[in-house]
Amino acid sequence: MRILLIHSDYLKYKTKSKTRIAEKIEDDKKEGLYENALVVFTAVEKEDETDMDTVVENAVNEIEDVFGKVGAKVVAIYPYAHLSSSLSSPDAAKKILTNMESKLDENGINVKRVPFGWYKSFEVSCKGHPLSELSRTITTEKVVIEDNKVVVTPVAESEFYILHEGEIVGTDEFSYAEDDFKKLVEYELGIMKSSGEEPPHVKLMREKKLADYEPSADIGHLRWYPKGRLIRDLLSAYVYNLVTERGAMPVETPIMYDLADDAIRVHAEKFGERQYRMATKNKELMLRYACCFGAFRVLSDSFLTWKNLPVGIYELSTYSFRLEKKGEVVGLKRLRGFTMPDLHTVCVDIDQAMDEFDEQITMCKQTGVDLDVNYEVIMRATKEFFDENKDWVYSAANKIGKPVLLEILPERKHYWVAKMDFAAIDYLGRPIENPTIQIDVESGERFGITFINSEEEEINPIIIHCSPTGSIERVICSLLEKSAVDKKDKPPMLPVWLIPTQVRIIPIAERHIEKSEQVAQLLKNQNIRVDIDDRHETVGKKIRNAGGEWAPYVIVIGDRELEEGPLTVNIRETNEKLSMKIDELVLKIHNETKDMPFRKLPLPVKLANRVSF
RNA sequence: GCCUCAGUGGCUCAGGGGUAGAGCGAUGCCUUGGUAAGGCAUAGGCCGGGGGUUCAAAUCCCCCCUGAGGCUCCA
């Protein structure tokens, strides 16, 4: 429910004509004049229908609070549909508005309600003091009043443990050997102190010309420059290969959905206000915040039998949209538009889901190796699930090979009963939630997904949600944060398969450019991204610039190299100058990029021709 | 969304009611060179946007936008 509160000198209204949904009214309600009134313009929304009593209660509390503060004489409830683009049914609205009226009345407040469903003229004279114009969003969340303060009803709290080598211990009793794990636990338990610094990846993503803010879009939507786009493409190809090799089938589904579809609406409403919504002429649409919608619709329209299962449907959501709060959006870590690899695996039952989950743990772990990022892991389960499947939870945690934080939730709040979150730890010691695996026990039924079991019965399957890397943006975030950590004791780098310039060739004088081009062509033919710094600068400066671009290999070509023979190659990682033949360099790079995807350099080979972004 | 702080050339920043500044970068010229910044010159600014105060606003005040930190949140 949305309300707009106006403290007015007076409200004056007059009914003009009925709409189809008009309520019946007595003649004395056809017009009205209320002086010193707190006018409550109210739009009742779809989600309010799920818990009308709570909405009424919350709204009444809010109104009474403001009423008391501004010292108005009367509350005038004014139905005003234009505050929301997601309206409830007229019947529900009428009921809620009437209930608000009687509740306020019971509490001894002089309350009037302006008729619903009529075209009306009105005049309102706003007093204009600081509290005279307020808007509020009222939700179905239960609140209690305590010491005059509104407090969200405390839900029973989660319990936290550490699982390690088959043992379960309290978070206090565990002796933390690994720094990153300790940070993760402190963060999860809310005992980490903030340092107040800016995370380094934000500066890096701009400095390295990967991505930048786009002030002309909404907050949290980025522009990507060629180098950033290249890395995104490589990561996308990487995940595609990873999941298809394990049998998943890629699909592509729409980015927006019609809220008239019940299953879509219920699933969407769980996400509350954090959605982008748009109204077209006849439809109320939402932008997807994950691939679930499309995947579930594909699955519910497919014929599945127990022989097919488990089966995976994969999509890379370019983009998913979440209307995160302004203050929460930061760099690559938290965006309003992001790209999420999303794998949905249909399983016949919870046992098969657990087996499949085990496979996916292996897959998620592998991404940490391929990306060269350290993950710390949190396993979460509802109390009920944990009690029934203790052995499996222990063994799943054991697959991580190091301590795992375990959260046990007293009851199921979400669609999942068990999940595993993999987090990289940023420069400031805070987790970046990346891969995730979740066992979903709810969506199969909600979206009408069924399979035929061996007894020819139609059954709702268990579905596993998995993002093997987490969002592409967060992967890049983790890589940049890691480089900032590394900077303390070694040169910051990206994995060789991801860095835009793998080999930088520096000709000393113009007469060395031709030879540089020949070397570049040989490397290019071997699927290596190579470029030539042909600018009129000193060798020292070009070396410095190559370092600034994190080029892992730099070759200087001068008179000595004009003859056939070995090249001198600067190796960034070790800061060595090695004499090697081209073939040796090719072999070294191929070894380092083995089994990883390749894309060509999306920039002019010669630096003199490049646009500077 | 709330609280605090910030926005001056492409970048990093100085200035602080009365000619708009520096370094880096860019461009041009000189230098044709051997491993982390060669020299000289030039261009580039509605001082985030809009209102107000003032003879005069980049500077003071108000609103908005954008960014940072914190709070909250991340299904």
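B:A6 and B:G33: their C1' atoms are spaced 44 Å apart (whole Å). Rounded to whole Å, the P atom of B:U19 lies 22 Å from the corresponding atom of B:G23. Comparing the C1' positions of B:U8 and B:G44 gives an interatomic distance of 14 Å, to the nearest angstrom. Using C1' as the reference atom, B:G9 and B:G25 are 11 Å apart when rounded to the nearest Å. Using P as the reference atom, B:C55 and B:G49 are 24 Å apart when rounded to the nearest Å.
Between A:D559 and A:K209, the one whose closest nucleotide on RNA chain B sits nearer the 5' end is A:K209.
Whole-Å rounding puts the A:K542 NZ to B:U32 P distance at 14 Å. For the pair A:E549 CD and B:G25 C1', the interatomic distance rounds to 14 Å; values are reported in whole Å. The interatomic distance linking A:N570 (CG) with B:A36 (P) rounds to 9 Å, in whole Å. A:R206 has its CZ atom 11 Å from the C1' atom of B:U66, to the nearest Å. Put simply, CG on A:L567 is 14 Å from C1' on B:G34, counting in whole angstrom units. For the pair A:N545 CG and B:A36 P, the interatomic distance rounds to 12 Å; values are reported in whole Å. The separation between A:I555 atom CD1 and B:G34 atom C1' is 15 Å, rounded to whole Å. One atom, CD of A:E207, and another, C1' of B:G10, lie 14 Å apart when rounded to the nearest Å.
In this structure, B:U19 shows a glycosidic angle within 90 degrees of zero, which is the syn conformation.
Between A:H344 and A:Y314, the gap from one ring centroid to the other reaches at least 6.0 Å. You'll find the ring centres of A:Y319 and A:H221 outside the 6.0 Å limit.
A donor and an acceptor atom sit less than 3.5 Å apart, one in the side chain of A:E561 and one in the base of B:G34.
When only modelled atom types and interatomic distance are considered, A:E481 and A:H201 share a side-chain donor-acceptor pair under 3.5 Å.
Relative orientation of the A:Y276 and A:F321 rings is perpendicular, given thresholds of 30° and 60° on the angle between their planes.
In terms of heavy atoms, A:P507 sits closest to A:D533 at CD-O, 3.2 Å. In this structure, A:Y289 and A:F338 approach most closely via the heavy-atom pair O-CZ, 4.1 Å.
The pair A:D261-A:R297 meets the salt-bridge criterion, with a side-chain N (NZ, NE, NH1 or NH2) lying under 4.0 Å from an Asp/Glu carboxylate O. Using a cut-off of 4.0 Å between Lys/Arg side-chain N and Asp/Glu carboxylate O, A:K383 and A:E159 are scored as not salt-bridged. The existence of a salt bridge linking A:K203 and A:E198 is excluded, since no basic side-chain nitrogen approaches an acidic carboxylate oxygen closer than 4.0 Å.
With respect to A:I313, the side-chain contact (heavy atoms from CB on, under 4.5 Å) criterion is satisfied by exactly one of A:V346, A:D342, A:L299: A:L299.
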Any protein N or O atoms within reach of nucleotides 38-41 of chain B? Criterion: under 3.5 Å, listing atom names and distances.
from	atom 1	to	atom 2	distance (Å)
B:G38	OP1	A:T538	OG1	3.2
B:G38	OP2	A:T538	OG1	3.3

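For A:R572, the side-chain atoms get nearest to B:A36 when compared with the rest of B:A26, B:G34, B:A36. With distances taken from any side-chain atom of A:R544 to the nucleotides B:A37, B:U66, B:G33, the minimum falls on B:A37. Distances were taken from every side-chain heavy atom of A:I219 (C-beta onward) to each of B:G67, B:U32, B:A37; the shortest belongs to B:G67.
In RNA chain B, the stems built from three or more successive Watson-Crick or G-U pairs (distances below 3.5 Å) are B:1-7 with B:65-71, B:10-13 with B:21-24, B:26-30 with B:38-42, B:48-52 with B:60-64.
When the side-chain nitrogen and oxygen atoms of A:K577 are compared with OP1 and OP2 of B:U35, none of them lie within a distance under 4.0 Å.
Remark: A:E584 CD is packed, more than 12 non-hydrogen atoms of other residues, nucleotides or ligands lying under 6.0 Å away.
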A:N434 vs A:S478, side-chain hydrogen bond (donor to acceptor under 3.5 Å, both in side chains): CA-CA, chis, key distance, verdict: CA-CA 9 Å; A:N434 277 343; A:S478 313; 2.7 Å; yes
Reading nucleotides 68-75 of chain B from the 5' end, what letters show protein touch, with B for base, S for backbone sugar-phosphate only, - for no heavy atom under 4.0 Å? SSSBBBBB
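Here the side chains of A:Y257 and A:E284 are not in contact, with every heavy-atom distance at 4.5 Å or above.
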